[in-house]
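As the structure lists them, so they are numbered: ligands from 1, and atoms in each ligand from 1.
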Amino acid sequence: MLKTGLIGWRGMVGSVLIERMLSENNFHSISPYFFSTSQAGSRNPLKISNNPYLIDAFDISSLQRMDIIVSCQGSEYTNQVHPELRSMGWAGYWIDAASVLRLNHDAIIVLDPINRAVIDEGLKSGVKNFIGGNCTVSLMLMGLGGLFKEDLVEWASSMTYQAASGAGANNMRELITQMGMVKGSVGDLLTDPKSSILEIDRLTRECMASETFPITEWSQPLAGNLLPWIDSEIGNGQSREEFKNQVETNKILGRGDNQIALDGLCVRVGAMRSHSQAVTLKLRQDVPLDDIHAILDSTSVWTKVVQNRKDTSVTELTPAAVSGTLKVAVGRLRKMNMGAQYLSAFTVGDQLLWGAAEPIRRMLEIIISFEA
Ligand code: NAP
């Protein structure tokens, strides 16, 4: 069985990956080794490993013994370890959740329900770096990929509502702490129906502005607020998150120079673990709505088209409805006032599953059967 090193399994993406690997019995088809950047030498809390103690994730010689390395640790780690490992001649498979290698010419962004052909071609031609896509991009394609596969999209613009989990475990904890503090700040006023809502509002604002409000991870309050910027500035007015939309979508689709224009605004909201996005698409032609439903339905077995009605939208097309499931819901489908080629859509999916861990888990399975 292929020796598979797991790094970053304690984090947000990594723990969801382990959960999914356990439920799909993936540990029966690999020989797993667990690494850590911070706890090398400690006892491994998971009972599924070959090594009772955690291995140092910076120890290149231990990493070199692996056939496959799956990292959910982050870009800093990949930047530090991957080039050194490759320069020492390591020719194993590197599967990664971090963004740093995604656009390299020798790497493929993996989202197999959408780009299995690109992945298979890459494996046959000896590609060894397989990288999970940006969560928002992967979820957009899991929702709307059918239209892209049929080459019906001339351009698309997305406005995102991204969950706290996209920023990692510590950010999720801080959001809940913030929520608790906001609730605590109004004390008994909330249960007193005679209390003034303006007084409640004033107390929550005071709490959020106070010096003791926890903002170590977010730098700003997220509870009761939103943050219209995600990731760093890249110098042209776009955030790095917004930049990824066009480049990663086109790379996943294997479109080369024949790029589809994609752009939009990425916004962090206080949802816990599912990203939503409202997308405006300009189609290349006027496609009847029924046909659009059928095309979207065929995107993947996990894609669920939601009828464009109020009752279905507020129950089935929300972070609360899809969180913890592999379902990617797509709805609010209608032709817009701008003309019959303009389609509105809203899609939502669990960004820790299809947005992060699931494409990586499935890539591991694909490599195992390719090597068998
Ligand atoms: P994370 O939750 O911050 O975890 C990363 C590492 O931080 C862990 O493996 C752990 O490493 C360490 N860590 C420090 N404090 C921790 C705590 N309180 N709980 C758990 N782990 C803690 O990061 P992540 O969100 O999983 O992201 C990992 C990589 O995936 C990043 O490159 C990210 O950009 C990418 N990604 C994330 C998402 C997402 O939805 N979050 C989606 C797509 C891609 P040690 O055990 O070695 O200390």
Side-chain angles (χ1 to χ4, degrees), residues 5-20 33-46 49 53-59 62-63 69-82 94-103 107 109-111 130-142 160 162-177 214 216-218 230-232 239-241 243-245 248 252 266 268-269 271-276 319 323-324 348-361 363:
L6 293 135
I7 298 137
W9 49 273
R10 198 166 72 94
M12 209 54 263
V13 176
S15 31
V16 173
L17 176 68
I18 300 295
E19 235 175 55
R20 286 288 302 138
Y33 292 81
F34 286 78
F35 291 75
S36 173
T37 62
S38 65
Q39 299 173 347
S42 308
R43 198 159 256 291
N44 186 345
L46 303 171
S49 174
Y53 298 100
L54 299 174
I55 309 168
D56 181 358
F58 295 106
D59 178 21
S62 300
L63 293 168
I69 290 174
V70 181
S71 174
C72 301
Q73 187 63 27
S75 288
E76 211 178 304
Y77 175 78
T78 300
N79 256 334
Q80 187 172 340
V81 165
H82 181 269
W94 179 275
I95 308 176
D96 201 339
S99 61
V100 65
L101 303 177
R102 276 183 206 145
L103 299 182
I109 305 181
V110 295
L111 189 63
F130 293 93
I131 319 299
N134 170 266
C135 41
T136 323
V137 170
S138 297
L139 290 170
M140 188 273 291
L141 283 172
M142 287 300 291
T160 74
Q162 295 182 221
S165 57
N170 290 336
N171 291 65
M172 279 183 93
R173 285 168 186 266
E174 190 173 87
L175 172 62
I176 300 167
T177 311
T216 314
E217 305 298 329
W218 292 113
I230 297 177
D231 209 338
S232 52
S239 68
R240 184 164 299 283
E241 186 79 355
F243 161 79
K244 290 172 182 172
N245 189 351
E248 289 196 20
I252 289 170
C266 293
R268 183 79 66 194
V269 297
M272 287 300 284
R273 61 178 273 179
S274 288
H275 286 352
S276 311
S323 287
V348 55
D350 187 318
Q351 60 83 226
L352 291 171
L353 288 167
W354 275 117
E358 193 62 6
I360 284 173
R361 188 194 68 75
M363 190 61 223

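Geometrically, ligand 1 and Ser165 share a nitrogen or oxygen pair separated by less than 3.5 Å. Residue contacts with ligand 1: Ala169 is placed with a nitrogen or oxygen under 3.5 Å of a nitrogen or oxygen of the ligand (distance criterion only). Where the criterion is an N or O separation shorter than 3.5 Å, residue side chain and backbone included, Gly355 fails it with respect to ligand 1. Geometrically, ligand 1 and Arg102 share no nitrogen or oxygen pair separated by less than 3.5 Å. For ligand 1, the polar-atom distance check against Gly14 finds no nitrogen or oxygen pair separated by under 3.5 Å. Considering backbone and side-chain N/O of Gln39, none are found under 3.5 Å from N/O of ligand 1.
Proximity of Asn170 to ligand 1, defined as any heavy-atom pair under 4.0 Å, is confined to the side chain (atoms from C-beta onward).
Here the shortest heavy-atom distance to atom 36 (N) of ligand 1, taken over Ser75, Ser138, Ala97, belongs to Ala97.
Of all the atoms in ligand 1, the ones that sit under 4.0 Å from a non-hydrogen atom of Cys72 are 28 (C), 29 (C). Counting atoms of ligand 1 from 1 in the listed order, those under 4.0 Å from a heavy atom of Met12 are 1 (P), 2 (O), 24 (P), 25 (O), 26 (O). For ligand 1 and Gly8, the ligand atoms under 4.0 Å from any heavy atom of the residue are 9 (O). Taking every non-hydrogen atom of Gln351 and a distance limit under 4.0 Å, the qualifying atoms of ligand 1 come out as 39 (C), 40 (O), 42 (C). Those atoms of ligand 1 with a heavy atom of Leu352 less than 4.0 angstrom away are 40 (O).
Of all protein heavy atoms, the one lying nearest to atom 27 (O) of ligand 1 is Val13 CG2, 4.0 Å.
With hydrogens and angles ignored, the 3.5 Å screen pairs a side-chain donor or acceptor of Trp218 with a backbone N or O of Asn171.
With contacts defined as side-chain heavy-atom distances shorter than 4.5 Å, the pair Asn134/Glu241 qualifies.
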Evaluation steps, side chain to side chain contact (heavy atoms under 4.5 Å, CB included), between Asp96 and Tyr77: CA-CA 11 Å; Asp96 201 339; Tyr77 175 78; over 6 Å; no
